[in-house]
A.B. asks: 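Encoded as structure tokens, here's the structure I'll be asking about.
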There are 2 protein chains.
Amino acid sequence: MKPEGLVKQEHILEAAIKRFSHFGISKTTLTEIAEDLAISKPSLFYYFTDKNGLIAEVAKKIINEFLEKFENKLQSSSSVEAGLLSLVEVKRNHFKKYFLLAIQADGVDQLKVSNNLSEVYGEARKKTISLMSCLFKKGIEQGELKPMEVERTSVLIIDVLSSLDGCMKDKRFIPNINDFDAFFNKQEEVLKMLLNGLKSNTWKN
Amino acid sequence: MKPEGLVKQEHILEAAIKRFSHFGISKTTLTEIAEDLAISKPSLFYYFTDKNGLIAEVAKKIINEFLEKFENKLQSSSSVEAGLLSLVEVKRNHFKKYFLLAIQADGVDQLKVSNNLSEVYGEARKKTISLMSCLFKKGIEQGELKPMEVERTSVLIIDVLSSLDGCMKDKRFIPNINDFDAFFNKQEEVLKMLLNGLKSNTWKN
DNA sequence: TTTTTGACTTTTCAATCAAATGAGTCAGAA
DNA sequence: TTCTGACTCATTTGATTGAAAAGTCAAAAA
């Protein structure tokens, strides 16, 4: 595939993301995506092996966007607390932006989409853990936090946060953008509370 | 209904619980429950208004059992940490014992079962919050914890724990008793970490 | 040679309906 | 008061099918 091909592929991804995040994955057809781009449906198959392949690429794209934003915010964070809260902020915006697409909020069978996809999620998780671990390590070095197992702690916190994400999917009704805030506010609260126990300002060995 | 009637009702509840927790609510028929007890199906309707009524009573029964056990454990707890961990322990046993019945793990439509049922859950939640608040209050009085908003903190912690419960329901496969432990171990870890921030041993105003 | 498409086949899904199963009623027996 | 046989009604299940979507391919267009 030539360079122009990659541009086209990118256009397709964007069109797909628009539809997916607006109407959900299962409710958008390849024909619709093709029509949006004023091309024929078979063309899509030239750039992607099948619908699941397209979905997988979409997932990769928005996950990378998420990680990038988080990493950026993190760099401009002056404290561990600010860094942690930026994770919630980025998640909040991400969920609002991608709405239904908020991957798997829709009834998509993870495994069918691609064995690959679980890997993508796995990588994203690892990356997030690694970023948080770094944040903690720096916090410890600078005396903001007590010494502790940064990796283990990061995993735990990330698991708690994503289990709180899970609550959103319970909601029967169609997710309302405004309702998201309640969930993420709660996540902020939890983070602050957890952080409390990690801080060293009151800590004597 | 005479006193013997209540005994019989209790028998029915027990039979129902056996079936429900083994096969799930939607997979057990009233006929089966009646057969287990060697009575006729219409007899069930003498003691309960309908299947949903039966389900609601079952729910009440096991929720009360849960609260009782928690309250007992709590009384013999010597520290806030022991008290909190006893909550997880009781939950762990409860889930193992009632397996599929682990309320709503089965595909039961909450509202249909009875508007009443949501109230029952609401009451249980309130009660749990109240018990935990008490525990915290005592902990503060005895200098084990820093002063804080006990109610607010309890709500937050209970929400975190139950969102972690929620993860179990994601699991596609039939819940394996042994797998439960991983989930509850994680809950213990989280509790310990949260508790860290609440403790006063290192706290100066 | 790369990219695109019209015309095609195959798969998947939702609507329909009949049969079966389970929920729930009731008159009357114990 | 407690219980049941014989019933009705409602819901679920499975088979059928028609339509829509996914996916293929040979050949045209760039």
Side-chain angles (χ1 to χ4, degrees), chain A residues 1-20 22-59 100 106-114 116-117, chain B residues 1-20 22-59 100 106-114 116-117:
Chain A
M1 204 187 296
K2 285 186 184 168
E4 314 96 66
L6 288 173
V7 172
K8 186 116 199 195
Q9 196 173 33
E10 195 58 26
H11 284 328
I12 296 175
L13 281 180
E14 280 161 17
I17 288 177
K18 258 186 206 158
R19 285 267 169 195
F20 286 169
H22 224 24
F23 302 109
I25 294 173
S26 56
K27 296 274 183 195
T28 89
T29 70
L30 295 182
T31 307
E32 287 168 339
I33 294 172
E35 279 171 356
D36 287 350
L37 293 159
I39 61 173
S40 71
K41 186 177 57 159
S43 287
L44 299 177
F45 289 90
Y46 179 74
Y47 293 98
F48 301 94
T49 63
D50 56 13
K51 189 179 184 184
N52 284 335
L54 175 59
I55 294 171
E57 289 305 315
V58 164
L100 279 179
D106 207 41
V108 174
D109 191 340
Q110 300 276 10
L111 288 174
K112 268 191 182 172
V113 167
S114 110
N116 212 315
L117 189 52
Chain B
M1 202 188 295
K2 285 187 184 169
E4 312 98 65
L6 290 173
V7 172
K8 187 113 196 200
Q9 196 175 33
E10 196 59 25
H11 284 328
I12 296 175
L13 281 179
E14 281 161 16
I17 288 176
K18 259 185 206 160
R19 286 267 170 193
F20 286 167
H22 219 24
F23 301 109
I25 293 173
S26 56
K27 295 273 185 197
T28 87
T29 69
L30 294 182
T31 307
E32 286 167 342
I33 294 172
E35 278 170 358
D36 288 350
L37 294 160
I39 61 173
S40 72
K41 186 177 55 159
S43 288
L44 299 177
F45 289 89
Y46 180 74
Y47 293 100
F48 302 93
T49 63
D50 56 12
K51 190 179 182 183
N52 285 336
L54 174 60
I55 294 172
E57 289 304 315
V58 164
L100 279 179
D106 205 42
V108 174
D109 190 341
Q110 301 275 11
L111 288 174
K112 268 191 184 174
V113 168
S114 109
N116 213 314
L117 190 53

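Below, chains carry the letters A, B, ... as their sequence lines are ordered, and counting in each starts from 1.
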A.B. asks: Specify the separation, in whole Å, of atom CG of B:Leu37 and atom P of D:dT4.
C.D. replies: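 Those two atoms, CG and P, are 11 Å apart.
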
A.B. asks: Identify the heavy atoms of A:Leu54 and A:Ile12 that sit nearest to each other, and give their distance.
C.D. replies: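 Residues A:Leu54 and A:Ile12, closest heavy atoms: CD1-CG2, 4.2 Å.
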
A.B. asks: In whole Å, I'd like the distance from the CD1 atom of A:Ile33 to the C1' atom of D:dG23.
C.D. replies: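 Distance check: A:Ile33 CD1 to D:dG23 C1' gives 14 Å.
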
A.B. asks: Determine the contact category for A:Ser40: base if any of its heavy atoms lies under 4.0 Å from a base atom, sugar-phosphate if only primed atoms, P, OP1 or OP2 are that close, otherwise nothing.
C.D. replies: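 If one applies the 4.0 Å heavy-atom cut-off, A:Ser40 turns out to touch a base.
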
A.B. asks: What's the CZ-P distance between B:Phe45 and D:dG5, to the nearest Å?
C.D. replies: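 These atoms are roughly 15 Å apart.
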
A.B. asks: Within the structure, does a side-chain N or O atom of A:Ser43 lie under 4.0 Å from either OP1 or OP2 of C:dT5?
C.D. replies: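 Result: yes.
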
A.B. asks: Could you tell me the separation between the CD1 atom of B:Ile55 and the C1' atom of C:dA23, rounded to a whole number of Å?
C.D. replies: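 In whole Å, C:dA23 C1' lies 12 Å from B:Ile55 CD1.
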
A.B. asks: Which one, D:dC3, D:dG23, C:dT25, comes nearest to the side chain of A:Lys41?
C.D. replies: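 Looking only at heavy atoms from C-beta outward on A:Lys41, the closest nucleotide is D:dG23.
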
A.B. asks: Drop me the distance from B:Arg19's CZ to B:Thr29's OG1, to the nearest 0.5 angstrom.
C.D. replies: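 Taking CZ in B:Arg19 and OG1 in B:Thr29, the distance rounds to 7.5 Å.
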
A.B. asks: Rounded to whole Å, please give me the gap between OH in B:Tyr47 and C1' in C:dT25.
C.D. replies: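 So the two atoms are 18 Å apart, to the nearest Å.
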
A.B. asks: Between B:Leu44 (CG) and D:dT2 (P), how many Å, whole number?
C.D. replies: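 These atoms are roughly 15 Å apart.
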
A.B. asks: Find the distance A:Glu35:CD to C:dT5:P and express it as a whole number of Å.
C.D. replies: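 Rounded to whole Å, this separation is 12 Å.
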
A.B. asks: For the pair made of OH in A:Tyr46 and P in C:dT5, what is the distance, rounded to whole Å?
C.D. replies: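 About 13 Å, once rounded to whole Å.
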
A.B. asks: With heavy-atom distances below 4.5 Å as the criterion, would you say the side chains of A:Phe48 and A:Val58 are in contact?
C.D. replies: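 Not in contact.
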
A.B. asks: On DNA chain D, check which nucleotide each of B:Pro42 and A:Thr29 is closest to and give me the residue with the more 5' one.
C.D. replies: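 Nearest-nucleotide comparison on DNA chain D picks B:Pro42.
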
A.B. asks: Taking all non-hydrogen atoms of both residues into account, name the closest pair between A:Phe23 and A:Thr28 and its distance.
C.D. replies: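 Between these two residues, the closest heavy atoms are CB-CG2, 4.0 Å.
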
A.B. asks: Side chain of A:Lys8 only, heavy atoms from C-beta on: which candidate in D:dG23, C:dT25, C:dT4 is closest?
C.D. replies: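 Per side-chain heavy atoms of A:Lys8, the pick is C:dT4.
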
